[in-house]
Amino acid sequence: MADIDYLVRENVKRLKPYSCARDEFSGKAAAFLDANENPYGSLNRYPDPLQKELKNRIAEIKGTDPGNIFLGNGSDEVIDLCYRTFCNPGSDKALVLVPTYGMYEVAAGVNDAEVVKVPLDDAFMIDTAKTLEAANLHSPKLIFICSPNNPTGNTMQREAVEAVIARPGSIVVVDEAYIDFSPHPSLMPLLKKYENLVIMQTFSKAYGLAGARVGMAFASESIINYFNKLKYPYNISVINQEAVLKKLSSGKPVNREAGLIVRERMRLAEHIASLAITEHVFHSDSNFILVRFSDPGKVFGFLLDRGIVTRNRSSVVKGCIRITTGTRKENDMLLKTLNEIK
Ligand SMILES: *Cc1c(COP(=O)(O)O)cnc(C)c1O
């Protein structure tokens with residue numbers, strides 16, 4: 001496996017991270033008098049900066065090593081950390097496959113990295129030749145691949161993704177936020193083969209914990225160590241770590257709820273496809289559908305007037321609205337309202 005150190009910013013390599021009071025101690029203390037906390041109360045202690053208990057649990061579930069896991073304040077923190085670790089502001093680039101998740105570009109703006117956009121093909125799949133050509137031309141430090149993709153919903157071709165990862169010179173971030181809804185397997189097994197691969201997943205979607213803000217990154221230990229060095233020391237609160245641990249020990253497998261959502265998504269897709277106002281319902285491996293309407297502005301406005309909020313993506317994908325699967329009742333209300341549009 002190729003070493004990725006040469007892709008890391010020099011200041012990051014040199015950086016000496018903040019050392020937390022608790023870093024210097026592991027074991028059972030008689031009294032914690034090291035961190036200037038208030039000794040009274042229930043949230044009076046700082047959280048574990050490396051979230052060991054939670055990572056051990058995630059490692060069990062995902063079949064990986066805790067040393068290959070990073071937890072962020074949502075995936076958004078991971079995206080930002082990718083830029084901060086690898087992209088020198090003002091000179092380095094990132095490559096994104098459009099249309100895709102907007103945060104890759106926002107985080108590039110924050111970090112003053114230039115974004116190279118390569119369009120997906122007509123089926124929203126990776127155009128391998130174009131993507132590799134652009135990568136060779138621009139030498140991006142980061143390449144973001146969202147699969148299943150937001151807002152299109154489809155899974156990218158495995159061979160194409162692997163071809164991009166196998167090309168040396170870039171860190172490839174595969175965003176699997178919707179993987180628990182997908183019939184296709186995660187690319188996690190590729191981590192054993194590629195040191196330049198980062199896989200992101202999240203507790204915000206299938207796990208139903210968007211409010212807790214906990215995102216996961218899986219990568220080689222060297223990348224994880226750089227992320228740990230750069231992150232705010234206590235990036236995940238005690239409350240949020242406990243919320244995830246509680247969910248993971250609830251005995252409710254994530255697949256069951258995800259399965260229910262997927263069945264509802266299929267019901268929505270089938271019904272919406274049959275409407276006269278609909279031009280196309282795109283295939284989805286996620287918990288939402290992208291729908292092309294003949295008059296998306298009218299549909300969006302009509303739904304909004306009835307209090308139903310969808311995401312108008314027609315500026316990004318011609319004619320399209322992205323609709324998230326709700327509860328059965330919410331979906332019934334949506335379908336009933338769509339039926340009323342002439
Ligand atoms: C929702 C979503 C995420 C999750 O972000 P969090 O910060 O973990 O809530 C990540 N990537 C994509 C593509 C998403 O749509």
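Ligands are counted one by one from 1 in listed order, and the atoms in each one are counted from 1 as well.
Asp48 and Gln241 form no side-chain donor-acceptor contact under 3.5 Å, judged by distance and modelled atom types alone. In summary, the side chains of Asn312 and Arg322 do not present any donor paired with an acceptor at a separation below 3.5 Å, with no hydrogens or angles considered.
The nearest protein atom to atom 15 (O) of ligand 1, hydrogens excluded, is given as Tyr178 OH, 2.6 Å; this is a heavy-atom distance. With respect to atom 6 (P) of ligand 1, the closest heavy atom belonging to the protein is Ser75 N, 3.3 Å. At the shortest separation from atom 1 (C) of ligand 1 among protein heavy atoms lies Lys205 NZ, 1.2 Å.
A salt bridge is defined here as a Lys NZ or Arg NE, NH1 or NH2 lying under 4.0 Å from an Asp or Glu carboxylate O, and Asp121 with Lys130 fails to meet this definition. Salt bridge annotation for Glu105-Lys117: present, with a cationic side-chain nitrogen under 4.0 angstrom from a carboxylate oxygen. Ion pairing between Asp80 and Arg84 holds under the 4.0 Å rule for side-chain N and carboxylate O. A salt bridge between Glu264 and Arg328 is present, with a side-chain N of the basic residue lying under 4.0 Å from a carboxylate O of the acidic one.
Contact annotation for Arg213 and ligand 1: only side-chain heavy atoms (C-beta onward) come within less than 4.0 Å of the ligand. If you look at Cys146 next to ligand 1, the close heavy atoms, those under 4.0 Å, all belong to the side chain. Under 4.0 angstrom from ligand 1, there are no non-hydrogen atoms of Phe203. With a heavy-atom cut-off of 4.0 Å, Thr202 touches ligand 1 through its side chain alone.
Not a single N or O atom of Asn73, backbone or side chain, sits closer than 3.5 Å to an N or O atom of ligand 1. Remark: ligand 1 and Tyr104 share no N or O pair separated by less than 3.5 Å (distance only, no angle test).
Of all the atoms in ligand 1, the ones that sit under 4.0 Å from a non-hydrogen atom of Ala177 are 2 (C), 3 (C), 10 (C), 11 (N), 12 (C), 14 (C). Applying the 4.0 Å criterion to heavy atoms of Ser204 picks out, from ligand 1, the atoms 6 (P), 8 (O), 9 (O). Close approach of ligand 1 to Asp175 is summarised as follows: ligand atoms under 4.0 Å from at least one heavy atom of the residue are 10 (C), 11 (N), 12 (C), 13 (C).
Among residue pairs with one or both ends in residues 284-298, none qualify as salt bridge (Lys or Arg N to Asp or Glu O under 4.0 Å); sequence neighbours excluded.
Residues satisfying the side chain to side chain donor-acceptor pair (under 3.5 Å) test with Lys55, not counting sequence neighbours, are none.
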